[in-house]
Amino acid sequence: MASVLAFRVPPGRSAVARPAGHRLFAAVLVLAAALRVLVMLGYDTAMVYWYDSFTYLDTAVRMRPNGAFHPAGYSAFLWLLRPFHSVELVAGVQHAMGLGVAVLMYALLRSRGLPGWGATLATLPVLFDPSFVRLEHAILSDLQAIFLVMAALLVLGRREEVTARAAAGAGLLLALAGLTRTAAVPLIGLAALWLLLRRGRRRRAAVLLVAGALPLLAYAGWYERHHDRFALSGSDGVALWARTMTFADCSVIQPPPAEARLCPNGTVMDAASEYVWAPGASLNLLPGDRFAHNDLARSFALRAIAAQPLDYLRQIAGDTALAFTWEPVPHPDRMTPTSTFPYGVWTVPDNELVRAVRADYDPDIRGMRSVEPWGSVLAAYPYPWFLHGTLFGVLLLAGAAGSVGRRRPALLPWAFAAFLLVAPVAALDFDHRYVLPAIPPACVAAALAVHGIPRPRYRAAGDERTTVNM
């Protein structure tokens, strides 16, 4: 951490003041660490979800790419911790990574000249929002992807001039983020475009693209060995097909006979993602596994989007707006979003995959339960939803304002935040969990935007005052 916080001192500032500038952040970080210790005490183990957590753990045991939704980047992290046979240890490491995300944000903002209090303020949502802390405590890939994306932003944004080494490092970090969650893959292109906009840094952009592409190509080759398809996952078409089920009208689309079997068949779900698993949905009535029809589903979905682009955009806009509500909105209706720490007992199903993961990774996997008295303390932890939802919208607006004009100090983190928010909705559906990766870069973008506002400075000239821009 000491090396990360070894900041370049902005012109006109004394190096003597630097240690004092970090004291506020250090105090806040200690409080955030105490909250995470309380979470470790308040729950008897890590939170595991059916079926995502068990798919990640099973891939970690077998170390072969999953054929459906999840690339193996997060499973590689789980594989490194497998000798300890403890998902609770995984949660503890992830809590440390959550604190590391805040350190990366703080280091980036201080390197761009923000005062200690301003940089600290930008990290508060990540440090104290229960949604983030719960994510750290779960066997899910999101936290690792957030950490890698923020590390790439630090590498690219810490200095005014981006070196070839920094571009290569950022490309590699973003590739690893993409191998953790495929939604992060296009960030490589966004970062390269940003470099081109900065006085046409073509060589740096090329270095970033190559460094980002090589790990992805290597993984796709590994995936092809096991699944006979050069890709990062086998679910993109199924996901996009489900997205279109909320608006598709086959009288407008007029698909060919093979694709017409995927038209809406009267099954109505309250969220696009529900169609992936709905037994009565047209895709799930076809013979064989749903993911065996991935290419056909993609072809139908692209045809539907081309035929009904406004309907597609309307669905994306409506679902994305759920991220900014003053009060939580369930989506789908069976889910209960909350900005607090839950209290209770959570069980896992007893099936072949769960039993295999128990035997090969952690025999103590049993779901999760609250532990007294810490569980009651956590349940009483206050965090209003508007700080999670509506404030996020304000941060995005501030970051957007800082992304225009000559200097555009917030452009790259804001572009990352906007993409990470919208891309999952466009590719499948809105989920409150999917919003979380967009919040750290949005906080950084907003802080850079506010810091970049020209402020008047007065100097005495006799009895007159002259205003100059900083």
Side-chain angles (χ1 to χ4, degrees), residues 51-52 54-80 82 140-149 151-152 155-156 167-193 195 205-243 276 283 288-302 305 416 419-420 422-424 426-428 434 437:
Y51 97 125
D52 294 43
F54 291 97
T55 303
Y56 290 126
L57 291 165
D58 184 64
T59 302
V61 170
R62 309 189 188 290
M63 280 316 295
R64 56 172 290 165
N66 180 268
F69 276 107
H70 306 304
Y74 180 61
S75 294
F77 164 74
L78 295 174
W79 175 81
L80 291 174
R82 183 190 173 193
L140 294 171
S141 64
D142 308 66
L143 192 277
Q144 179 175 308
I146 293 170
F147 184 89
L148 292 167
V149 169
V155 170
L156 288 172
L172 177 59
L173 287 167
L174 291 175
L176 293 176
L179 294 177
T180 303
R181 291 193 67 82
T182 52
V185 170
L187 297 181
I188 299 172
L190 282 178
L193 180 60
L195 285 172
V207 168
L208 188 147
L209 287 173
V210 170
L214 289 178
L216 299 179
L217 292 173
Y219 182 88
W222 184 44
Y223 185 94
E224 185 180 35
R225 286 181 54 194
H226 290 279
H227 301 291
D228 298 320
R229 179 171 178 259
F230 192 76
L232 302 180
S233 72
S235 60
D236 59 310
V238 171
L240 196 59
W241 167 84
R243 172 73 276 176
V276 174
L283 175 68
D289 182 79
R290 61 175 63 87
F291 297 109
H293 306 287
N294 188 65
D295 292 341
L296 185 68
R298 186 193 312 106
S299 180
F300 174 90
L302 292 176
I305 292 169
F416 276 22
F419 183 85
L420 289 170
V422 176
L428 175 58
Y434 298 162

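Quantities reported herein were computed from a predicted structural model and do not represent experimental measurements.
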Residues passing the side-chain hydrogen bond (donor to acceptor under 3.5 Å, both in side chains) test with R62, sequence neighbours excluded, are D58
Close side-chain approach of R64 to T59, heavy-atom, < 4.5 Å: no
Shortest non-hydrogen contact from A167 toward L195: CB-CD1, 4.4 Å
Roughly how far, to the nearest 0.5 Å, is NE2 of H70 from OG of S233? 10.0 Å
What closest approach, in Å, do P71 and L232 show between heavy atoms, and which atom pair accounts for it? CB-O, 4.0 Å
Using 0.5 Å steps for rounding, measure from the CH2 atom of W241 to the CG atom of L428. 11.0 Å
Is there side-chain contact between R229 and D295, with heavy atoms separated by less than 4.5 Å? yes
Return the CG to OH distance between L140 and Y74, rounded to the nearest 0.5 Å. 6.5 Å
State whether the side chain of Y219 and the backbone N or O of A72 hold a donor-acceptor pair below 3.5 Å, judged by distance alone. yes
Apply side chain to side chain contact (heavy atoms under 4.5 Å, CB included) to L420 and I146, showing your working. CA-CA 10 Å; L420 289 170; I146 293 170; over 6 Å; no
Quick one, L283 and H293 - any side-chain contact, counting heavy atoms below 4.5 Å? yes
Starting from the C-alpha separation in whole Å, work towards a yes-or-no answer on salt bridge (Lys or Arg N to Asp or Glu O under 4.0 Å) for D236 and R243. CA-CA 11 Å; D236 59 310; R243 172 73 276 176; over 6 Å; no
Identify all side-chain donor-acceptor contacts of residues 172-188 below 3.5 Å with residues at least two apart in sequence or on another chain.
residue	atom	partner	partner atom	Å
T180	OG1	Q144	NE2	3.0
T180	OG1	L176	O	2.8
R181	NH1	S141	OG	3.2

Taking every heavy atom of F291 against every heavy atom of S235, the minimum-distance pair comes out as CE2-CB, 3.7 Å
Do you know which two heavy atoms are closest between G237 and A297, and how far apart they sit? O-CB, 3.5 Å
Taking the side chain as everything from C-beta on, heavy atoms only, tell me whether L208 gets closer than 4.5 Å to L156. yes
Closest heavy-atom pair and its distance - V276, A242: CG2-CB, 3.6 Å
Distance col, row F77:CZ vs L148:CG, nearest 0.5 angstrom, shows 10.5 Å
Taking all atoms of both residues into account, what is the closest heavy-atom pair of M63 and W222, and its distance? O-CZ2, 3.2 Å
Spacing of Y51 atom OH and F69 atom CZ [to the nearest 0.5 Å]: 6.5 Å
Sub-3.5 Å donor-acceptor pair from the side chain of H227 to the main-chain atoms of P65, do we have one? yes
Taking the side chain as everything from C-beta on, heavy atoms only, tell me whether F230 gets closer than 4.5 Å to L217. yes
